[in-house]
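See structure below.
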Amino acid sequence: MIKQGERVPDGAMLGELTHEGMLTHCVTDLFAGKKVVLFAVPGAFTPTCSQSHLPGFVVLADQFKAKDVDIIACVSVNDAFVMKAWGDSQNASEIMMLADGDASFTKAVGLQMDTAGFGGIRSQRYAMVLENGVVTELNVEAPKMFEVSKAEVILDLL
């Protein structure tokens, strides 16, 4: 698992469907020179993710920006179409909804879990703060928990 002080994996890619079309982001380039709050969820449109995790970051987006956060990003092992639809349904215009369709980013940071029949390989629930691509904070949830990756907790770390 990635640790504080380590850099996001070189060459890791994430997708994003925008109004301009499909984009593929190399995370090292996307996060270079930026302060980023990145949180990951096991699945778009799932109960805790839709009722609490993403909405917390949507509500507090202005407060994150006031603390010089350049990008607030949500990652899930879903396709970019699902991530865009979920973001639109949650009014998440200030959040980059990033798709890890093949779980390659999730595996590269060592935060995958096998959910078997639920959806196969998915991301653990976590939140991290990155400065110029280096992890400065990493909060990984225990299985079936939602405490340390909440928007309020991450905001207090900044």
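Any value given below was found using the heavy atoms of this structure, including those in side chains, with hydrogens, waters and symmetry copies removed.
Within the model, atoms OG1 of Thr46 and CD of Gln51 stand 9.0 Å from one another, a figure rounded to the nearest 0.5 Å. In this structure, OG1 on Thr48 lies 10.0 Å from CD on Glu141, to the nearest 0.5 angstrom. Put simply, CG on Asp156 and CD on Glu152 are 8.5 Å apart, with the number rounded to the nearest 0.5 Å. Leu54 CG to Phe39 CZ: the interatomic distance, rounded to the nearest 0.5 Å, is 5.0 Å. Rounding to the nearest 0.5 Å gives a distance of 6.0 Å between CZ of Arg125 and OG of Ser149. In this structure, Lys107 NZ and Gln112 CD are separated by 7.0 Å, a value rounded to the nearest 0.5 Å.
Scanning for side-chain hydrogen bond (donor to acceptor under 3.5 Å, both in side chains) contacts around Ser104 gives Asp102, with sequence neighbours left out.
Under a hydrophobic-cluster definition in which Ile, Leu, Val, Met, Phe, Trp and Tyr are linked whenever side-chain heavy atoms come within less than 4.5 Å, directly or via other members, Leu158 and Ile95 are assigned to the same cluster. The same ILVMFWY cluster, assembled from side-chain heavy atoms under 4.5 Å apart, contains both Leu155 and Val69. One hydrophobic cluster holds both Leu157 and Val37 under the rule that ILVMFWY side chains link at heavy-atom gaps under 4.5 Å.
Nearest heavy-atom pair across Met13 and Cys26 is SD-CA, 3.5 Å. Nearest approach of His53 to Ala40, heavy atoms of both residues: CE1-O, 3.7 Å. Closest non-hydrogen pair, Phe45 versus Ala85, comes out as CZ-C, 3.8 Å. Between Gly110 and Gln124, the shortest heavy-atom distance links the atoms O-NE2, 4.2 Å. Contact detail for Met22 and Ala80: the closest heavy-atom pair is SD-CB, 3.5 Å. Scanning both residues, Met83 and Met97, for their nearest heavy atoms gives O-CB, 3.7 Å.
Using a distance-only test at 3.5 Å, with no hydrogens or angles considered, no donor-acceptor pair links the side chain of Thr28 to the main chain of Asp10. Formation of a donor-acceptor pair under 3.5 Å by the Glu6 side chain with backbone atoms of Lys3 is found in this model. For Arg122 (side chain) and Asn78 (main-chain N/O), no donor-acceptor pair under 3.5 Å exists by modelled atom type.
Contact of the Lys150 side chain with the Asn139 side chain is not registered, since no non-hydrogen atoms from C-beta on lie closer than 4.5 Å. Side-chain contact check for Cys49 versus Pro42: some heavy-atom pair is nearer than 4.5 Å.
Hydrophobic cluster of Met128: the remaining members, joined at side-chain heavy-atom separations below 4.5 Å, are Met1, Ile2, Val8, Leu14, Val27, Leu30, Phe31, Val36, Leu38, Ile71, Val75, Met96, Leu98, Phe105, Val109, Leu111, Tyr126, Leu130, Val135, Leu138, Val140, listed by chain and number.
In this structure, Phe64 and Phe57 have parallel ring planes: the angle between them is below the 30° cut-off, well short of the 60° mark.
Remark: of the listed residues Thr115, Thr106, Ile121, Val41, Thr106 is the sole one forming a side chain to side chain contact (heavy atoms under 4.5 Å, CB included) with Val77.
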